[in-house]
Amino acid sequence: MRVLLVGRLAAATLSISTFVFLFAHDSWRSDNMFLIPDLILCAALALAASLPARAAAAALPITFAFTAGVLTVSVFSYAVDGTLGAPSLLGAVVSAALAALLARPVPGSPTAAEAQLA
């Protein structure tokens, strides 16, 4: 379950850093198209990280996939402006990797055995 611990820590880190980013960059404006998605991903990551292990194992891949989507759109919005949104890019890559890593079947689990039968 080390992967789950890494997922929980990454979710908490992404949640807190995104929330801090909103304050540090004065992103609480009504014209910020990322305000609501950012707040949703902050809450979803924090909630998924705090769930019991079995529920967290199910919730974290979904939450990381959502986070990767939101942050990927953010990266491309920076690209349209001609800049590199490095924090968004890093968050998107980490989120996508953790979504894939946490969604894979764990050897010895009932779902892994079912996957071998298919």
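None of these values were measured; they are calculated from a predicted model. Excluded from the calculations below are hydrogen atoms, water molecules and symmetry mates; all remaining heavy atoms, backbone and side chain alike, are included.
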Heavy-atom pair of closest approach, residues Cys42 and Ser15
O-OG, 2.7 Å
May I ask you to decide if Ala56's main-chain N or O and Arg8's side chain share a donor-acceptor pair within less than 3.5 Å?
no
Does any N or O in the side chain of Ser50 come within less than 3.5 Å of the main-chain N or O of Leu47, such that one atom is a donor and the other an acceptor?
yes
Please report the C-alpha distance between Leu39 and Trp28 in whole Å, then the side-chain angles of each, then the deciding distance to 0.1 Å, and finally whether the side chain to side chain contact (heavy atoms under 4.5 Å, CB included) criterion is met.
CA-CA 10 Å; Leu39 290 174; Trp28 292 94; 3.6 Å; yes
Atom CG in Leu9, atom CG in Leu14: separation rounded to 0.5 Å?
11.0 Å
Heavy-atom nearest pair, Leu71 first then Ser88, reads CB-O, 3.7 Å
Would you say Arg29 has more than 12 foreign heavy atoms packed within less than 6.0 Å of its CZ?
yes
Hey, any chance Leu22 and Ile36 share a hydrophobic cluster, counting ILVMFWY side chains that come within less than 4.5 Å of each other, even indirectly?
no
Going by the side chain to side chain contact (heavy atoms under 4.5 Å, CB included) test, name the single residue among Phe64, Phe19, Phe66 that passes it with Leu45.
Phe64
Backbone N/O of Ala59 and side chain of Thr63: donor-acceptor pair under 3.5 Å:
yes
Tell me whether Val6 is reachable from Leu90 by hopping between hydrophobic residues (I, L, V, M, F, W, Y) whose side-chain heavy atoms are closer than 4.5 Å.
yes
Ile62 to Ala58 - nearest heavy-atom pair and separation:
CD1-O, 3.5 Å
Could you report the tightest heavy-atom contact between Ala68 and Ala92, atom names first, then the distance?
CB-O, 3.9 Å
Within one Ile-Leu-Val-Met-Phe-Trp-Tyr cluster: Leu35 and Phe23, side-chain cutoff 4.5 Å:
yes
Working to the nearest 0.5 Å, report the span between CG of Leu41 and OG of Ser95.
8.0 Å
If we only count heavy atoms from C-beta on, is the Leu84 to Tyr78 side-chain gap below 4.5 Å?
no
Examine Val93 and Val75 and state if one hydrophobic cluster contains both, with Ile, Leu, Val, Met, Phe, Trp and Tyr joined whenever side-chain heavy atoms are less than 4.5 Å apart.
yes
Say whether, by atom type as modelled, one donor and one acceptor occur between the side chain of Asn32 and the main chain of Phe34 under 3.5 angstrom.
yes
Checking Leu98, Leu4, Val3 against Leu60 for side chain to side chain contact (heavy atoms under 4.5 Å, CB included), the one that qualifies is Leu4
